[in-house]
Amino acid sequence: MDAIFQNLAIGFSTAITAYNILWVFIGGLLGTVMGMLPGLGPATGVAILIPITYGMNPSTALITMCAVYYGAMFGGSRASIMINTPGDASAIVSCFDGYPMTKNGEAGAALAISAIASFIGGTIGMLFLVFLTGPIADAALRFGPAEMFSLMLFALVATITLAEGSLLKGVIAMCIGFMLSTIGIDALTGILRFTYGVEELQDGIDFLVVMIGVYAICEVFKNLKNLETKYNLDSKSIGKVWVSWPQFKKCIMPMLRSSPLGFFVGVLPGMGASIATFMSYAMEKNLSKTPEKFGKGAIEGLAAPEAANNSCAAGAMVPLLTLGIPGSGTTAVMLGALMMLGVKPGPILFSQYPEIAWGVIASILIGNIILVIINLPLAIPLVQLLKLPQRVMMPLILGMAFMGTYFLNYSSFDFILVMGFALGGYIFSKLEIPLPPMILALILGGTTEQSFRNSMSLSDGSLGIFFSKPISVTLIALAGLSLVYSLLKRRKHAQ
Amino acid sequence: MSKNFMSGLLSLVLGAIYFFTATQFPEVTAGDRTGPKLFPLIIGSVAMIAGGLLCVLDRRSGKGQPIEWNFVADRAVWSKILVIMLLGISYGLVLDSWGYLVATTVFMFCITLLINRRHFLQNLLISIFFPVVTYAAFAVALQLSLPRGIIENMLPF
């Protein structure tokens with residue numbers, strides 16, 4: 001326990017500087033705006049805003065990205081509440097009771113409880129994060145190549161099986177991610193692989209180029225059909241952005257129940273915030289004495305998913321910080337940005353750079369406080385941004401995305417790649433091929449291959465090494481169970 | 001062609017190309033028992049198997065969902081995508097020589113004309129303010145390197 005408080009003290013001393021707090025504020029505000037605008041989720045938000053972190057030290061960069069992530073989570077429900085259009089998938093559930101509340105003349109209370117629930121969810125998530133990261137990182141330090149490979153395998157299988165849609169399409173997406181990760185010079189032998197004579201591919205493909213393409217620019221492609229969409233927003237009828245004590249009392253238990261649920265869903269790779277919000281909504285509806293009020297403006301039906309949503313974001317930080325495995329699209333983008341700054345998240349981060357690891361954890365609490373301040377008094381001016389037409393937003397997003405691409409390597413070749421990946425992402429969406437397995441395989445590809453090859457060298461070419469170590473066997477068994485469960489679930493669904 | 005069949009076919013083709021390319025790698029096992037070939041060969045094989053299975057299962061089910069390319073109905077969307085791609089690549093090619101401010105102004109103006117039609121003044125303002133604000137934020141405030149290009153001598157900072 002003492003160690004935790006010592007680490008937190010290091011974290012707060014890093015996070016509480018005027019410079020970092022300023023960036024938490026800026027990041028949180030920009031993230032709120034990004035999350036609020038329909039069609040732009042937290043992953044797109046972080047991908048577009050990566051350039052702002054380029055001149056920063058790694059601690060400030062990660063703190064800023066976390067603020068953008070949390071801001072997007074706070075802001076996601078604004079559009080759900082006001083115009084019945086979710087900012088991203090995780091805000092869909094907020095439409096169920098948020099918009100009916102607006103129609104019932106309770107928009108102010110809906111906006112307030114969504115900010116308060118986000119704060120409570122984020123804070124509880126942060127507390128879990130404090131107590132879980134240390135032990136997990138310590139355990140991960142003892143992982144050899146075989147355990148590392150099995151861990152990667154489990155993360156990939158879990159992402160494929162927990163993602164919605166066809167299992168085989170998940171496998172295909174994973175293979176494409178691995179294919180992209182093997183392009184360039186082989187780290188162990190120095191041989192050029194899959195470059196097909198293109199000199200620019202020798203160093204491999206920067207995965208931020210892929211992310212900017214498939215998240216930011218591809219989002220613009222998807223929104224080109226809805227450029228003229230106008231939302232019917234009546235900001236004058238919002239009233240006071242606050243909740244009464246009876247309303248808040250109704251939400252206390254739903255928020256306290258949904259926060260741990262959201263956190264543990266967030267820890268699992270591939271289980272996005274949308275799953276957490278649906279689960280928490282279903283749970284509260286089942287537990288409620290008045291389930292018939294759900295969907296008609298029940299305030300607890302809005303508070304529960306909002307709390308789950310934000311604690312899920314804290315949960316997603318666990319595998320990222322302790323194992324270097326991103327659990328969601330947003331954390332994948334953050335990992336990419338950090339690696340570009342020369343920091344590789346994982347167990348070593350906690351022992352070598354405790355100020356970064358704990359600074360980020362501490363900044364989550366500070367970010368939550370700042371975000372609740374942004375989202376309560378500034379709720380009304382912020383929702384005015386929903387009046388901004390897509391046709392104005394899209395060029396700005398493209399501008400930022402290209403700027404981010406240029407800053408990666410100062411190479412015009414990256415512009416060709418980013419456009420190719422944007423088109424690829426668009427085709428994937430038409431074919432309903434899930435992106436998360438591809439992104440995860442692309443990021444983990446190098447480590448997965450290296451740990452596989454190192455294990456094989458250690459065992460003289462025997463696959464038995466993966467079954468001779470307890471942790472490795474457990475992880476492989478979990479991957480197998482996840483696969484079997486998913487197959488059974490899909491078969492039942494098909495029947 | 002259905003979504004699943006097309007996805008399977010894509011995986012089959014990519015997997016085959018990838019597998020074949022991997023077979024051409026030299027055998028190097030110094031200090032590394034498996035060499036650079038094995039992992040890509042496994043990935044290529046899995047891609048081909050998954051792709052083939054998806055195609056077969058789709059044909060057997062006979063209930064494949066057609067792909068909604070909508071090339072005709074969404075002609076405007078597809079043509080905009082094509083123009084954005086061409087503009088993006090051209091922007092990358094001229095960025096160093098023209099400089100960030102000039103290239104971005106031209107790029108943003110073209111993009112806004114394409115996306116935000118019939119709002120000439122708004123587009124002009126976006127095209128001027130976006131590069132100026134971002135240049136001030138990144139090149140001046142954050143001290144990041146951005147190309148100055150053809151107006152290098154005219155810039156005050």
Side-chain angles (χ1 to χ4, degrees), chain A residues 51-52 54-56 166 168-169 171-172 174-176 178-179 182 186 188-191 193-194 196 217 220-221 224-225 227 389 391-392 394-396 398-400 402-403 405-407 410-416 418-420 422-423 426 430-433 448-449 452-454 456-457 460-461, chain B residues 3-4 6-8 10-11 14-15 18 21-22 25-26 28 30-36 38-40 43-44 46-47 50-51 53-54 57 67-69 74 76-77 80-81 84-85 88-89 91-93 95-96 104 107-108 111-112 115-117 119 122 126 130 134 137-138 142-145:
Chain A
I52 64 172
Y54 287 161
M56 299 174 179
S166 159
L168 282 171
K169 280 186 181 172
V171 175
I172 290 170
M174 179 193 76
C175 289
I176 294 173
F178 274 134
M179 288 176 190
T182 49
D186 175 36
L188 295 178
T189 58
I191 283 171
R193 299 191 296 180
F194 307 105
Y196 301 102
I217 300 178
V220 175
F221 288 177
L224 285 174
K225 214 176 170 179
L227 289 175
R391 56 187 163 76
V392 174
M394 294 304 132
L396 299 176
L398 279 175
M400 286 301 288
F402 280 115
M403 193 176 185
T405 307
Y406 183 71
F407 276 132
Y410 295 96
S411 154
S412 57
F413 185 73
D414 282 349
F415 283 70
I416 299 171
V418 86
M419 294 312 320
L423 185 66
Y426 191 63
K430 290 274 179 192
L431 296 176
E432 292 177 359
I433 298 177
T448 309
E449 184 182 5
F452 174 73
R453 285 163 71 176
N454 288 341
M456 296 299 275
S457 292
D460 279 338
Chain B
K3 287 176 188 175
N4 284 358
M6 181 70 189
S7 308
L10 179 80
S11 179
L14 282 177
Y18 187 79
T21 312
F25 296 152
V28 182
D32 170 31
R33 199 180 165 88
T34 51
L38 183 63
F39 191 75
I43 299 301
V46 175
L53 255 175
L54 195 59
L57 289 175
I67 314 165
E68 291 165 359
W69 294 116
D74 290 340
V77 172
K80 274 180 188 150
I81 289 176
I84 290 172
M85 288 182 68
I89 293 168
Y91 175 48
L93 292 173
L95 193 54
D96 282 330
T104 308
F107 171 73
M108 289 302 282
I111 286 288
T112 48
I115 293 178
N116 190 26
R117 286 184 180 171
H119 298 85
Q122 205 175 49
I126 293 172
F130 179 82
T134 47
F138 293 102
L142 291 173
Q143 296 282 301
L144 293 173
S145 171

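So you know, we letter chains A, B, ... as the sequences are listed, proteins then strands, and number each from 1.
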*Relative to chain B, which segment of A:P51 carries a heavy atom at a distance below 4.5 Å: side chain, backbone, both, or neither?*
both
*Top of A:M403, A:M174, A:M394, A:M400 for chain B proximity - count of heavy-atom pairs under 4.5 angstrom*: A:M403
*Evaluate the side-chain proximity of A:F402 to B:L95: yes if any heavy-atom separation is below 4.5 Å, no if none is.*
no
_Could you check whether any side-chain heavy atom of B:H119 comes within less than 4.5 Å of a side-chain heavy atom of A:R391, counting everything from C-beta outward?_
yes
*Which residue out of B:G88, B:A47, B:A137 racks up the most heavy-atom pairs below 4.5 Å with chain A?*
B:G88
_Region of B:A22 that comes under 4.5 Å of a non-hydrogen atom in chain A_ = both
*Heavy-atom distances under 4.5 Å only: say whether A:L431 touches chain B with side chain, backbone, both or neither.*
both
*chain A heavy atoms under 4.5 Å from B:T104: which part of the residue, side chain, backbone, both or neither?*
neither
_Which atoms of A:F413 approach chain B - backbone, side chain, both or neither, heavy atom under 4.5 Å_ = neither
*Can you tell which of A:L396, A:T448, A:V171 has the highest number of heavy-atom pairs within less than 4.5 Å of chain B?*
A:L396
*Worked check of side chain to side chain contact (heavy atoms under 4.5 Å, CB included) between A:T182 and B:I43*: CA-CA 10 Å; A:T182 49; B:I43 299 301; over 6 Å; no
*Given the options A:D186, A:L168, A:N454, which has more heavy-atom pairs under 4.5 Å with chain B than any of the others?*
A:L168
*Would you call B:N4 and A:E432 a side-chain contact if the rule is heavy atoms closer than 4.5 Å?*
no
*Should the pair A:F452 and B:F39 be assigned to parallel (<30°), tilted (30 to 60°) or perpendicular (>60°) ring geometry?*
tilted
*Where does B:I126 contact chain A at under 4.5 Å (heavy atoms): side chain, backbone, both or neither?*
side chain
*Measure B:M108 against the heavy atoms of chain A and call it side chain, backbone, both or neither at under 4.5 Å.*
side chain
*Of all heavy-atom pairs between A:K169 and B:K3, which one has the smallest distance, and what is that distance?*
NZ-CB, 4.0 Å
*Quick one: are B:P36 and A:R453 in side-chain contact, heavy atoms under 4.5 Å?*
yes
*Flag the one option from B:I111, B:I81, B:T112 with the top tally of heavy-atom pairs under 4.5 Å to chain A.*
B:I81
*With a 4.5 Å heavy-atom cut-off, do B:P26 and A:I191 have their side chains touching?*
yes
*asked:* Please verify the inter-ring angle class for A:F194 with B:Y18; under 30° counts as parallel, over 60° as perpendicular, anything in between as tilted.
replied: parallel
*Could you look at A:F178 and say if it's the side chain, the backbone, both or neither that has a heavy atom under 4.5 Å from chain B?*
both
*Do side-chain atoms of A:Y410 reach the backbone of B:S145 as a donor and acceptor pair under 3.5 angstrom?*
yes
*Identify the two heavy atoms, one from A:Y426 and one from B:V77, that lie closest to each other, and give their separation to 0.1 Å.*
OH-CG1, 3.9 Å
